[in-house]
Novice: 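Below is the structure I would like to discuss, written out as structure tokens.
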Amino acid sequence: MADFKTSPGTRDILSPDSARWRAFQGVFESTVEAAGYDYIIPPMFEDLDVFLRLGEATDVVTKEMYDFHDKGGRHIALRPEQTASVCRAFVEHRPTTPWKVWYSGPNFRYEKPQQGRYRQFDQVGIEALGVDDAFLDAEVIALAAKFYSALGLRKIELSINSLGDSGDRDKYAKKLSEYFAKHESKLTAESKATLLRNPLRVLDSKREPDQEIIIGAPAIRETISNESREHFEAVLSALDALKISYKINDRLVRGLDYYRRTTFEFVSTALEAAHTAIGGGGRYDGLVEALGGPPTAGIGFALGLDRTLLACDAESVFAAPLKEVDVFVVDTVDGTHAHELCHQIRTHGFSADRAYDLRSIKAQMKAADRSGARIALIIGSNEVENESVMLRPMGSGEQYVVPRQDILNEIAKYTIKTNI
RNA sequence: GUGGGCGUAGCUCAGUUGGUUAGAGCGCCAGGUUGUGGUCCUGGAGGCCGGGGGUUCGAGACCCCUCGUCCACCCCA
């Protein structure tokens, strides 16, 4: 038994899962780059204060932050998400708007790990700053939907809501507070506690006794301003124009305090655990200002790699790509031929692998099979003597002799493309 | 953070009411096929039964603690 294990909530992603991750990120990249989003790589840690803007009352900030003092005395936190970092970057660099960026990478939250919930977890996402246009809201949502569909996911549901502007939100929180206070005796103890911290979040309770009260709660729609209402309706009709189906959910409030107006969430109906929410986002029009920048509109979404991959598993789509290599060199003489031939093949833009330690031809062929090689090149004493190579297309059951100097041209017949 | 289930070979799991040298399948290695993989057959390697303490003549099985994992709550991706 090994002495060291990964820390709770973290793990190694090995092949073939690692290849699947990379493919996942690749699909995301091409989806959003096709819509004009540029890649941004924010730091993994920064000043704690940046993340406090996520909401003083949220668990993400109060309980789950990985924070520490560095040797220079700075109060640092590992990023729990990337939206705040992107907004900080916007304030710091003042790019021209619209500023549309995408990211991919790990975030950190100190939570009790479960399946689909890790302390180091990867998200991909996009953020678009400086535009108030409802078409942008619809574009962002449409890109997420397009991405899911590109992965092959079908059992995805989109919930959408509007939280109104910041004034609306405060008004609504107060109204909800009063409503729940009236029915406090019927609420669960957990919800009573939540009520004090953040009344909106009581709507998210899944506890049975709370449901009756929640159903009767006032909807935010009754509170929001005309401007917010018009914006929301424009977003909905822009989604209709793209034939993107959605469900308006009055109770959708989401966990981070910075959300304003449009909010949305994607749920996989193929998943059964509690972690069916595989992605979400919304507008955060006040966030840039809160970080010291000019009043700037913003919208984006993030989705979790693990959970989305779990949903892919549940729907049996987006399998890990097969391992493959152009050529596998089998050398039963002394290994020097495999050594030099592999180098030559690689230099000419093909991929090549080989076996080591001069194992039996049978063992080397087995390794060739496992490597996913298109062809095996076999070099034994006969081939060395004739300055030739035995070429065996894997899967064909046939093989033929190729003069050593013709080998690169022959390999080219079997490879679809050359990688550098 | 609270409550519950589960930790046995690299992986998935069996292991009767505690009883000698702890098993299977897959994977890995070797041989059958002295120059040939993907099928088949045979053999082999690999375990302080998560860790610590206790009960007992005797513990993988029972008790306590601890760590890990999974589930629910919480929260969220």
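Residue numbers begin at 1 in each chain, while the letters A, B, ... track the order of the sequences. In this text, all values refer to a predicted model and were calculated from it rather than measured experimentally. Values below: all heavy atoms of this structure, side chains included; hydrogens, waters and symmetry mates excluded.
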Novice: Nearest of B:A30, B:U36, B:G68 to any side-chain atom of A:M365?
Specialist: B:U36
Novice: With a 4.0 Å cut-off on heavy atoms, is A:R359 in touch with a base, just the backbone sugar-phosphate, or nothing at all?
Specialist: sugar-phosphate
Novice: Any strand is fair game: report the nucleotide pairing with B:G7 by Watson-Crick or G-U wobble, both distances under 3.5 Å, or none.
Specialist: B:C67
Novice: What residues from residues 375-398 of chain A pass a heavy-atom cutoff of under 4.0 Å to RNA chain B?
Specialist: A:I378, A:N382, A:E383, A:M390, A:R392, A:M394, A:G395, A:G397
Novice: Which whole number of Å gives the distance between the C1' atom of B:A22 and that of B:G47?
Specialist: 8 Å
Novice: Rounded at 0.5 Å granularity, tell me how far CZ in A:R359 sits from NZ in A:K362.
Specialist: 12.0 Å
Novice: Between A:Q399 and A:K362, which has a closest nucleotide on RNA chain B that is more 5'?
Specialist: A:K362
Novice: Answer with yes or no after comparing the ring centroid distance for A:Y284 and A:Y259 against a 6.0 Å cut-off, counting only values under it.
Specialist: no
Novice: Looking at A:R79 and A:S85, what are the two nearest heavy atoms and their distance?
Specialist: CB-OG, 4.5 Å
Novice: For the rings on A:Y118 and A:F108, is their centre-to-centre separation under 6.0 Å?
Specialist: no
Novice: Of the nucleotides B:G37, B:A77, B:A30, which has the atom closest to the A:D369 side chain?
Specialist: B:G37
Novice: What nucleotide among B:C28, B:C71, B:A30 has an atom nearest to a side-chain atom of A:Q115?
Specialist: B:C71
Novice: Counting only side-chain nitrogens and oxygens, does A:Q114 get under 4.0 Å of the OP1 or OP2 atom of B:U69?
Specialist: no
Novice: I want to verify a distance call: between B:G37, B:G3, B:C75, whose nearest atom is closest to the A:E111 side chain?
Specialist: B:C75
Novice: Indicate the ring-plane relationship of A:F266 and A:F264, choosing parallel, tilted or perpendicular according to the 30° and 60° boundaries.
Specialist: perpendicular
Novice: Describe the nucleic acid contact of A:A367 in one word from base, sugar-phosphate, nothing, applying a heavy-atom distance below 4.0 Å.
Specialist: nothing
Novice: Write down the partner of B:A72 under the Watson-Crick or G-U wobble criteria, each distance required to be under 3.5 Å.
Specialist: B:U2
Novice: Between the base of B:U2 and the side chain of A:K112, is there a donor-acceptor distance below 3.5 Å?
Specialist: yes
Novice: With a 3.5 Å cut-off and no angle check, do the side chains of A:D326 and A:S351 form a donor-acceptor pair?
Specialist: yes
Novice: Side-chain N or O of A:R370 less than 4.0 angstrom from OP1 or OP2 on B:C29?
Specialist: yes
Novice: Spell out, as yes or no, whether a donor-acceptor pair under 3.5 Å connects the side chain of A:R283 to the backbone of A:I299.
Specialist: no
